[in-house]
Structure formats: structure tokens, C-alpha cells
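This report concerns only the one structure given below.
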Amino acid sequence: MAKSGFVSSITRQSEDFPGWYNDVVRKAELADYSPVRGCMIIRPYGYALWESMRDELDRHIKRTGHSNVYFPLFVPRSLLEKEAEHVEGFNPQVAWVTHAGGEELNEWLAIRPTSETLIAEVVKDWVQSYRDLPLLMNLWNNVVRWELRTRLFLRTAEFLWQEAHTFHATEEEAAEEVEIGLEAYRAVAEDWLAIPVVKGRKSENETFPGAVYTHAIEALMRDGKALQAGTSHMLGTNFARAAGIEFLDRDNQRKNPYGTSWGFSTRMVGATIMAHGDDFGLVLPPNVAPLQLVIVPIFRTEEERVAVAGSIDRLERELMDRGAFVPGVAGASDGSSRRPGGLGGSTGDGVPGLGASAAGVRYRVDWREESPGFKFNHWELRGVPFRLEIGPRDVAAGQGVLVKRVDRSKEQVPLDALVSQLPDRLQAYQRDLFQRALDFRAAKTHHVDSYDEFKRVLDAQGGFLMAHWCGDGDCEKRINAETGATIRVIPFDSTQESGRCVLDGARSTRRALFARAY
RNA sequence: CGGGGCGUGGCGCAGCGGCAGCGCACGUGCUUUGGGAGCACGAGGUUGCGGGUUCGAAUCCCGCCGCCCCGACCA
């Protein structure tokens, strides 16, 4: 297939995974570098992916009783420094505003790396009684963490995310809240993005600065490396005490409320790319795919063009009757859906809402003046789940050739039945993609019982290693230094099992999940 | 922040003292169209920035800036 004119090929996954990732992000037009070091420009197709997961998560957040709020971008230095561990953890990554209005500021302003301190400061005025609790807030915003090494979506100096902040009268209730946040992340990752995740607790070394403990979901990428996909923190009373938040409880005692915070970022766009993509580019789960179906007309003569257009017109009418719509994104803003004398598949401006449960199929007809082969590759690179080819032969037979992106299998389908089948086909595709990821993870998850085996398996194929760990932080650091693997989580569902730490042989009661990670 | 590499049309590169070029992409036209089409014509540049050497600098020298890759820290 590598004939002359084959120009925009992408690096093969097996040759150079990071190179493949970069090619996909750039060539599928998800994102670009910016004039500012470490920052990224998210392009329409990439932003549509973020909007889809953002909106789905927002529904979970609201369904569980949280309200969206907004807090400012700037955090006064004195506030950021109120919680000792927190400052220490974040200081190296904070960007400061030192001048404004042409003068040096009396007090530097941090550009928020996260908002715990600012929120605690304000909440102390809002919470007086146990009747004011729980306080369940969420903010969608951007944060800045001055990273030394950045990668598009996975780690950028500025990123978009959601940070939930809640306050509770009791520790038990706060602990439940930590799980509510984590469950929302699991649901979005698995049910929406088709990425299986492992829920668990972070080791002390990996706990959020200022938190009592951190729970997280961990996902496996196709190169065998792990990616933290969302974290939920039990803050205890740490930030409340630092800010002086107190409430009068039922027993007439003044107490500090228990806090939680949890976050989910644009990193998940990177996770979606790396969890499903292949050598042809993106493979998108239908739920997040900005386009679920692309129709490619094929013809030679004017006569054939008219016949094919007639066939596609009928199909479009049927699609529109069922609530289909044509996203104004997808790397074909040049009007690929417009053509003379047809329905016009008006592109409209802006991006339609994605993923509403009753929504119809998101589709586009590619009438651009390019060869069919070019279009096949163009849309495969962009991960569109289904492609329908309609040519003269198909028109004569009243059918089309339906191609599934995930395995590029082709099937001849009667056009009169296709539209009614599409919702089911998309659902099946979503399920199959999740199952494929589950199978992949199962094949890449290994129980290892000695340090030699640990290192051998890690080097041979990466993946998730379930190994006994004594619980000692120094042991963990040494394993990391010697193998590059870290404890991703101590999984909640790992069964009690007596064993011995792979490093020092000390007694252990359960296995931790180790992996090399992003 | 340490090590390495690179800055030349939108992208990828060549040119290494003597007229700034090639491929792709882009525009127009014709022929094409079931797996990245062909031909013709065309448009596009302060060679990262500043200084120096020279009759002459993309090219040699000095300084600066930026970016990428690899390592320690991180959603």
C-alpha cells in the first residue's frame, strides 16, 4: 500500500509508540503546539472528544447532587501556603504573577495549580452549622502546573479539568463522597470511553499533597504502560483546619468539617487515544466519536454520480427522520457534506451537543473532490466507527458496503434496513471495544512472586504486575529506582492473601498493582 | 534542572562562502475516482534573533532565544 503519494503515513505503534501517539494527535488534527512552551491548542476534533467526556461526567456529577461553581484563576500567595504539605508538594510547579497594572504586586498571585486553599478560605464564611453541610461543589476550569516535560494531552503546563470540592460533618460521609467521585470516573472511563480501569488506593508516596489518602482509577495503554485516569482525595480536616473552617454540630461542639476533592482532566483524551488506537490511527468508541458514520460516495460518470446521490439522499432523509445530525467538526470543515443539488447536509456552525441519550446518529457525507482511497484513510485516521461506501454497483443492488473501523471488516448491507440497525450496531461496537480492551488487559496482567520474575515480565511485556508489597515506602522507592515501575494502586478488589514482599520478603497480606506509567 | 539534537516557504528537508532550492501540502484547469490519482500552469522566503569576519554569509565566528528527544518531578 505504500505507493508513491503516500505521504502522511503515521509511525507504527510497534516501532515507536510515543512517535505514533504524536503523529496521531497532530495528523488527526486533535491538537497543536502553542507559542507558549508546554501549552497546547486543542483543535475542533480534539475538543469535541473533551466535550463529550466532559458532558458525560458533568451529568454524573449533577446526578449525585453537586453544583457547579466558579472560583478565580489567582490564588494569593499567603493562601496557597497555608497548608504545609500542600505548599511543599506544589511549590515547584506554581506559576506566579508578580506584576500587574504596571507595578509589582504587594503579594504575588499564584495561577491556580488546584483550588483547595482558595475554596477553603471562602467556605469558612459559608459554613457555620452542621445544617450547612454537606457542601457539594464542582468547578470546570483550567489550571497551570509548570511541568518540565510535557506531552500533548497527557501532561501540559496548562490543562482543562474538573475539580470537585466537598465538605462534610463526619469522616464517614466524606469517605463515602470519595467513592462517589471515584465511581463517576469509573463510569465515564468504562461506560463512555470503553477503557477498563482498576480502582484502588494510592501508596503514601503517591498521595496528593495535603491529603489523608488518595484513591484512583488506573488504566492500561496499548503499549503496556499505565495511566492514572482520575483521582479522588480524602482531605480529612487538613485544609479546613488550615483555613479555620468550623461548624457547630448537633452536640453543640465546634468542629472542623471533613473535605474531599477529586479531579479528571484532558489527560483522558490522551488515554482514549492510547487505549484503543492502532497503526491506522484513532479508534473511537461510538459514545465519544464526534462522527459515528461517514458516507463515502463513489462514481465515475455524471450519470453514476446522480444515481449515487439519489441513493444517499434517501438514506439521509431516513437518517434525519430518526434525529441524526451532522456535526460541524471532524476535520472536514471545508464542506465535505455539501454538494450541488442535494439535501446539503448543512454543516452549520459550532459543535452540536454530543451523546445525549435520545440523540440520533452523528454522520457526514464526504462529497469532497478527493479519491475514495484518500477518504478511507482520512476517516480511519480519525477513528470514525463506521464507514459506508456507496458506488454504482451498490446502487444497482440497493446496498452499501459497511466497514467497521476497529477491525476494518467489510460487510454488504441492504440500505433499506441499515438506518434502523445503526443504533444497535453502534452499541455493539461500543461493547466490543470495551471487551477488546478488557481482553488486552487480562493478557497483560501478571501475578509475580519474586523480584526476578517481576523484572523479567516487566521488561518482556510491561503491563500490570500484581505483586506482594510489604507496605514500606522505601521498598517502593527502591523498586521504582531499579525497575522504573511504580505502585499504581493497591486495588480494592485484590483478595486478602498472605505472601511476601517481592523486594525484601517481609510479610504482606495483599498484592499491589505495579506498572511503568505515564 | 542535567545530557543530546535541531532552527531555511504551511510541513519535511537539501544547500555549508558566489542568483534560496526540492518533495509534500496549497490555488487554477483538464483528465481521474471501489484503499492515500496524473499532467500542466501558478502562488508562497527578512534562511530564529543580535553582533562580528568578508568584496560577498543560509553557509565561518561569538552571544542570545526557541523548540524537540532522553533522564530526575507530576493529572
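Proteins come first, then strands; the chains are lettered A, B, ... in the order of their sequence lines, and each starts at number 1.
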Can you find a donor-acceptor N/O pair under 3.5 angstrom joining the side chain of [X] to the base of [N]?
X: A:R155; N: B:rC74; value: yes
X: A:E380; N: B:rG35; value: yes
X: A:S371; N: B:rA37; value: no
X: A:R300; N: B:rG34; value: no

- Message: Suppose you measure atom C1' in B:rG44 against the same atom in B:rC11; what distance do you get, rounded to whole Å?
- Response: 14 Å
Rounded to whole Å, please give me the gap between [atom1] in [X] and [atom2] in [N].
X: A:I10; N: B:rG36; atom1: CD1; atom2: P; answer: 16 Å
X: A:E88; N: B:rC73; atom1: CD; atom2: P; answer: 14 Å
X: A:F159; N: B:rA75; atom1: CZ; atom2: P; answer: 8 Å
X: A:R149; N: B:rC74; atom1: CZ; atom2: P; answer: 15 Å
X: A:R368; N: B:rC26; atom1: CZ; atom2: C1'; answer: 15 Å
X: A:M40; N: B:rA75; atom1: CE; atom2: P; answer: 18 Å

- Task: Report yes or no: is the cationic atom of A:R488 (NZ for Lys, CZ for Arg) under 6.0 Å from the centre of the six-membered ring of A:F464, at an angle within 45° of the ring normal?
- Result: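 That pair does not qualify as a cation-pi contact.
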- Measure from NZ or CZ of A:R405 to the centre of the six-membered ring of A:W379, then state whether that distance is under 6.0 Å and the direction lies within 45° of the axis. no
- Give A:G263 one of three labels, base, sugar-phosphate or nothing, depending on what nucleic acid heavy atoms sit under 4.0 Å from its own. nothing
- Just call it for A:T156: base, sugar-phosphate, or nothing, with non-hydrogen atoms closer than 4.0 Å on any strand.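 Counting heavy atoms under 4.0 Å across all strands, the contact made by A:T156 includes a base.
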- Mapping A:G400 and A:A517 to their closest nucleotides on RNA chain B, which lands nearer the 5' end?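 Closer to the 5' end of RNA chain B: A:G400.
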- Message: By nearest heavy atom, map A:T266 and A:R26 onto RNA chain B; which one lands nearer the 5' end?
- Response: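 The residue mapped nearer the 5' terminus is A:R26.
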- Task: Please report the C-alpha distance between A:K404 and A:F386 in whole Å, then the side-chain angles of each, then the deciding distance to 0.1 Å, and finally whether the side chain to side chain contact (heavy atoms under 4.5 Å, CB included) criterion is met.
- Result: CA-CA 5 Å; A:K404 268 165 80 175; A:F386 286 107; 3.2 Å; yes
- Would you please indicate if the ring centroids of A:Y185 and A:W262 are separated by under 6.0 Å? yes
